[in-house]
Amino acid sequence: MSYTVGQVAGFAGVTVRTLHHYDRTGLLTPSERSAGGYRLYGDADLARLQQILFYRELGFALDEIAQILTDPQANALDLLRARRRTLREQIDRLERLVEVADRAMEVQQTGVRLTPRERFDVFGEIAFDLSYATEAEVKWADSAGHKEAMARAAAHSQEDWARLMAEAAAWRERLLAAFDAHEPPDGRRAMALADEHRLHISRWFTDCPPAMHLRIADDFVTDARAFALVVPPSQQRPGLARYLREAVRANAEASAEGRAADDVDAGVDIEVTADAESGGDEGKAEPEGGSRGGVRCAC
């Protein structure tokens, strides 16, 4: 039995134009023609079309399909294996995107609960980058520190946020003054500012021991979005993020040395290792769960 191009298009759920294209490229040439020269498709043509549509559904290009149909034994299995790997990668990526979308909704629902006008009044130039907040949600979803920080942030009132931001702004002025005065990052003044920032995080978000604080400060250098939560772009200076990170490092090392001295006085035999030059993690206490705690705050 033979079928017209319109009938086949209806059977297969494709357009007549698609069938014409398959004919022009030699992918599917109808085996018959009517007396008037119109295309007529037989059962074998329909079987070939079914194969074409199957491979198209899997994402194969038309030239790849033509290759498979020309020599199915030589090519189909390898090409199908390769396509399966690609599809698996695409599925994994889509699952990650679904997770990101879910986390983004959670950020919107459980984050800072202020109206847009209240956000502007409280935060001013400090802007929350949704992509950064969402990445943090995904990355630190299992971190107890991050969960506590998010819960406490969600519980802050507008008055709490106003006090928090005023405190952060006053600290930022002192940081900029120290940087502009060329105070060394491992000097007393810069280290005191670093510790003040650490205590600010502990006071408003989650407990922030020196080792965690150093890991947070590492992000200031590697991710501009993280540093923008601490110093808005209009107030930033070249080298300021690295300066703060080094002050945090010096403060963390001084804290470790102080604890070591206390332990020695108490008769505890310990070894202290610090890698100040390379910026490595040797000798640093790992925060709970092996993560930085995921603290992401405007402070």
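Computed from heavy atoms alone, side chains included, the values below leave out hydrogens, waters and symmetry copies. Since we're looking at a predicted model, the values are computed, not measured.
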So, do [X] and [Y] sit near enough that their side-chain heavy atoms are less than 4.5 Å apart?
| X | Y | result |
| --- | --- | --- |
| Leu40 | Pro30 | no |
| Val248 | Arg198 | no |
| Arg163 | Trp204 | yes |
| Val230 | Arg172 | no |
| Asp43 | Tyr3 | yes |
| His21 | Thr18 | no |
| Arg174 | Arg189 | no |

Pi-cation contact, Phe60 with Arg83 (under 6.0 Å, within 45°)
yes
Do [X] and [Y] land in one hydrophobic cluster if side-chain heavy atoms of ILVMFWY residues count as linked below 4.5 Å?
| X | Y | value |
| --- | --- | --- |
| Val231 | Leu199 | no |
| Leu53 | Val16 | yes |
| Tyr38 | Tyr22 | no |
| Ile68 | Phe54 | yes |
| Met212 | Phe227 | yes |

Sidechain-backbone polar pair: [X] side chain, [Y] backbone, donor-acceptor under 3.5 Å:
| X | Y | result |
| --- | --- | --- |
| Arg215 | Ala211 | yes |
| Trp171 | Glu196 | no |
| Glu64 | Ala61 | yes |
| Arg242 | Val221 | no |

Between Glu183 and Arg188, is a salt bridge (charged side-chain N to carboxylate O under 4.0 Å, His left out) present by the stated rule, with each step listed?
CA-CA 9 Å; Glu183 293 279 352; Arg188 184 184 300 272; over 6 Å; no
Shortest non-hydrogen contact from [X] to [Y]?
| X | Y | result |
| --- | --- | --- |
| Phe205 | Leu164 | CZ-CD1, 3.6 Å |
| Arg237 | Asp180 | NH2-OD2, 2.8 Å |
| Pro185 | Glu246 | CB-CB, 3.8 Å |
| Cys208 | Ile216 | SG-CD1, 4.0 Å |
| Arg245 | Asp218 | NH1-OD1, 3.3 Å |
| Thr206 | Arg152 | N-NH1, 3.7 Å |

How far apart are the C-alpha atoms of Thr222 and Asp219, what are their side-chain angles, what is the distance that settles it, and do they pass the side chain to side chain contact (heavy atoms under 4.5 Å, CB included) test?
CA-CA 5 Å; Thr222 60; Asp219 278 356; 3.8 Å; yes
Can you check side chain to side chain contact (heavy atoms under 4.5 Å, CB included) on Leu240 and Gln235, steps first, answer last?
CA-CA 10 Å; Leu240 181 60; Gln235 296 181 320; over 6 Å; no
Working note: Thr4 + Val8, criterion side chain to side chain contact (heavy atoms under 4.5 Å, CB included); need CA distance, chi angles, decisive distance, verdict.
CA-CA 6 Å; Thr4 66; Val8 173; over 6 Å; no
Rounded at 0.5 Å granularity, tell me how far [atom1] in [X] sits from [atom2] in [Y].
| X | Y | atom1 | atom2 | value |
| --- | --- | --- | --- | --- |
| Thr29 | Leu19 | OG1 | CG | 11.5 Å |
| Ser2 | Glu32 | OG | CD | 3.0 Å |
| Leu80 | Leu58 | CG | CG | 6.5 Å |
| Gln236 | Phe220 | CD | CZ | 11.0 Å |
| Asp23 | Leu28 | CG | CG | 7.5 Å |
| Asp45 | Arg39 | CG | CZ | 12.0 Å |

Is it the case that more than 12 heavy atoms not belonging to [X] sit under 6.0 Å from its [atom1] atom?
| X | atom1 | value |
| --- | --- | --- |
| Arg33 | CZ | yes |
| Gln50 | CD | no |
| Arg88 | CZ | yes |

Over 60° means perpendicular and under 30° means parallel, so tell me whether Phe179 and Tyr243 are parallel, tilted or perpendicular.
perpendicular
Parallel, tilted or perpendicular: which describes the rings of His200 and His197, with under 30° parallel and over 60° perpendicular?
parallel
